[in-house]
4 protein chains.
Amino acid sequence: MARPRSEDRRSAIMSAAIRIIASQGLGAPTATIAKEAGVSNGSLFTYFDTKADLFNHLYVELKAEMAAVAMDRLPVESDIRQQMARMWSQWLLWATSSPEKRRALAQLVVSDDITPESHQAGKQAMAGIVKLLERSRENGPMRDVPLSFVAALMSALADTTIDFMIQDPANADQHCAAAFDALWRMVA
Amino acid sequence: MARPRSEDRRSAIMSAAIRIIASQGLGAPTATIAKEAGVSNGSLFTYFDTKADLFNHLYVELKAEMAAVAMDRLPVESDIRQQMARMWSQWLLWATSSPEKRRALAQLVVSDDITPESHQAGKQAMAGIVKLLERSRENGPMRDVPLSFVAALMSALADTTIDFMIQDPANADQHCAAAFDALWRMVA
Amino acid sequence: MARPRSEDRRSAIMSAAIRIIASQGLGAPTATIAKEAGVSNGSLFTYFDTKADLFNHLYVELKAEMAAVAMDRLPVESDIRQQMARMWSQWLLWATSSPEKRRALAQLVVSDDITPESHQAGKQAMAGIVKLLERSRENGPMRDVPLSFVAALMSALADTTIDFMIQDPANADQHCAAAFDALWRMVA
Amino acid sequence: MARPRSEDRRSAIMSAAIRIIASQGLGAPTATIAKEAGVSNGSLFTYFDTKADLFNHLYVELKAEMAAVAMDRLPVESDIRQQMARMWSQWLLWATSSPEKRRALAQLVVSDDITPESHQAGKQAMAGIVKLLERSRENGPMRDVPLSFVAALMSALADTTIDFMIQDPANADQHCAAAFDALWRMVA
DNA sequence: GATGAATGAGTATTCATTCAT
DNA sequence: AATGAATGAATACTCATTCAT
């Protein structure tokens, strides 16, 4: 993929896209994104072939960032429940404290522009999290359910919880904890 | 006196919209929907003021149908778990056997065109289901969590499960059952 | 850096608009104007925000051109009557020898798309002419009538005369002269 | 032309058209006119073949009414100047006291929808007025100018004066008188 | 004749992408 | 490589007119 042109410009476009998508949705003109990034509209297309291409890169990158934050400094010496709890709270914390990234990501997930390859890459990024989940449910009631299904259920719970945390910030921590308990009951 | 507005035409447009949205998304031209419905371009607008108006009616109607099917012939004499189980399987069955409706609904939920009023109406339609959920969690671990949050978590599980059932029809029943057990563990 | 906005293209659009409006009226499609100008559909909108914007610029520009021609090389050393006569004949000459501009202008004057600002600008352009008129009626019978009213009457006479000159070119000069005499009797 | 259907409905449509054109212009939908007239939109087309047909009838009728009022109860025993003055003030009075008719007429005059035949009919209606004008200028400075030209100049003065009378009602009478004096100076 | 639903041609404006400078 | 003007396909909605009832 050979580092193209200026990495700065490229990431400026990415950040701008996040802000614009968060506020205006995926239908926002590329020209708007370019202007927000301080670049000409033509320039956007030297960094990304098409609008959809930009969206795909953004999707993968956001998913990766989310997963990385969730798994950051995992207390590997602690028991699995504590590791999961830590991962869970890091995940939701990232989402609630980066609302624009979260909102952009939410739109991208359901977009038809995201290719199967990108979805696959998104899953890859979640591999660590899923691994943790796998250990969690090892002896639990869902031990025979396809792991990808369990992972999808977990993600669904996370997304819903994030919505409530953002919507009702005063009780964000309680929502986060309640949802984790629910998840744990579900799988472990 | 004059040709009366025909309920048939109206529902032909609705059905066409479901099919077209399922296959082409919300960005599909109104002309395409009209043609699929076998009516003229302009006729669509004698039945719906705007494209968004059509979307809103469609959303509310689909949500209502879904809820009605889910609650249909509930075994009121059985215990609450059996009632929930029945509701759950009816719900998921409807979604998996009406994949176009399901897909259209999934797009509509996240559309900016859907007004708060329609979202409200959608919630109203779910009232019976939520009532059932309320009784289910009465003495359960989530008894103190806001009911709307629990309901949202349930919906998230349902949607995810539906995806897996459609994707892997051979094991649809198992997915359905596994998810219900998970839900029950979560709330009861 | 990039291809600069071209004054040529802009005026090509303006000229095309004059021709098209003259022959098809203000209802003519912007696409027709663009084609006549030899530019793309979309290009018209990089030079003018809206169709109405184009119309307003056109109106002001035509009015200004008309006034400029009328006042061009005024024989300042001659008496006021001769100055007025010169102005009058230049005015009507411009209109009759630029029938498309004249016709376009006639449509634009009565268009709802022309903003008060543009009408104001149009009046500004006529200021020199009105000044001449003011001196002409200084000691005449209309000395106490509001100047703007007298000016409007003069314009009405001019427009009507132009129509007859175009309609009956063989006697254009006579019409022009007869109308000027009439005007002079009216005001001086 | 055989009195068609109900004369009441027909004139209801005409009156409605006057009001609607005055307020919305010639671009107003026929459906709006029909509704204002209390008729179905389809009905409008049993009384007038096309929208343009309605406009033409309206034009001729308004012009005729205007001319009739102007010539009503002319003091035939008085001298020609007094007859002209009376006609003039009746004319302008009609216009200023029927602003909707006046506004509609003003739009219709410049409309492309008005056929040469209708314009001709409009002129016919003005015949009496023109006759009066002819006698007025009999020995005046414009005695050799084509009568139709003089008539057009007079109409132009009238229209302009009406505008000022409506715009500045407090001085309407003065404007009316000043313009008549100007006209008289012009022709007699 | 009256009604108003059905028709479908017509149009300003937007925007992803290309390309001249 | 950067710029931003040029392109032209795409689309919701309107409205005169027709026609089924």
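Residue numbers begin at 1 in each chain, while the letters A, B, ... track the order of the sequences.
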G-U wobble or Watson-Crick pairing nucleotide for dA20(F) (cut-off 3.5 Å, both distances):
dT3(E)
Starting the side chain at C-beta, find the nucleotide from dA12(F), dT7(F), dT11(E) nearest to P29(C).
dT11(E)
Mind calculating the distance between CG (N41(D)) and C1' (dA5(E)) to the nearest angstrom?
9 Å
Think Y47(B) has a side-chain N or O under 4.0 angstrom from the OP1 or OP2 of dA6(E)?
yes
Choose from dT7(F), dA2(F), dA5(E) the nucleotide whose nearest atom is closest to any side-chain atom of S43(C).
dT7(F)
For the side chain of R9(C), counting heavy atoms from C-beta on, which of dA6(E), dT3(F), dA6(F) is nearest?
dA6(F)
Atom CG of L26(D) and atom C1' of dA16(F) are separated, to the nearest Å, by 15 Å
Please state how far atom CG in D113(D) lies from atom C1' in dA16(F), giving the value in whole angstrom units.
12 Å
Spacing between K35(A) atom NZ and dT3(F) atom C1', to the nearest angstrom
14 Å
Rounded to the Å, how far apart are F45(D) CZ and dA16(F) P?
7 Å
Assigned partner base of dA12(F), Watson-Crick or wobble definition, under 3.5 Å
dT11(E)
Under 4.0 Å: is that the gap between some side-chain N or O of T46(D) and OP1 or OP2 of dA2(E)?
yes
Side chain of S40(A) only, please: which of dA16(F), dA2(F), dT7(E) is the nearest?
dA2(F)
To the nearest Å, how far apart are L44(A) CG and dT17(E) P?
10 Å
Could you state the atom-to-atom distance from CG of D49(A) to C1' of dC19(E) in whole Å?
16 Å
Any side-chain N or O of T30(C) under 4.0 Å from OP1/OP2 of dA12(E)?
yes
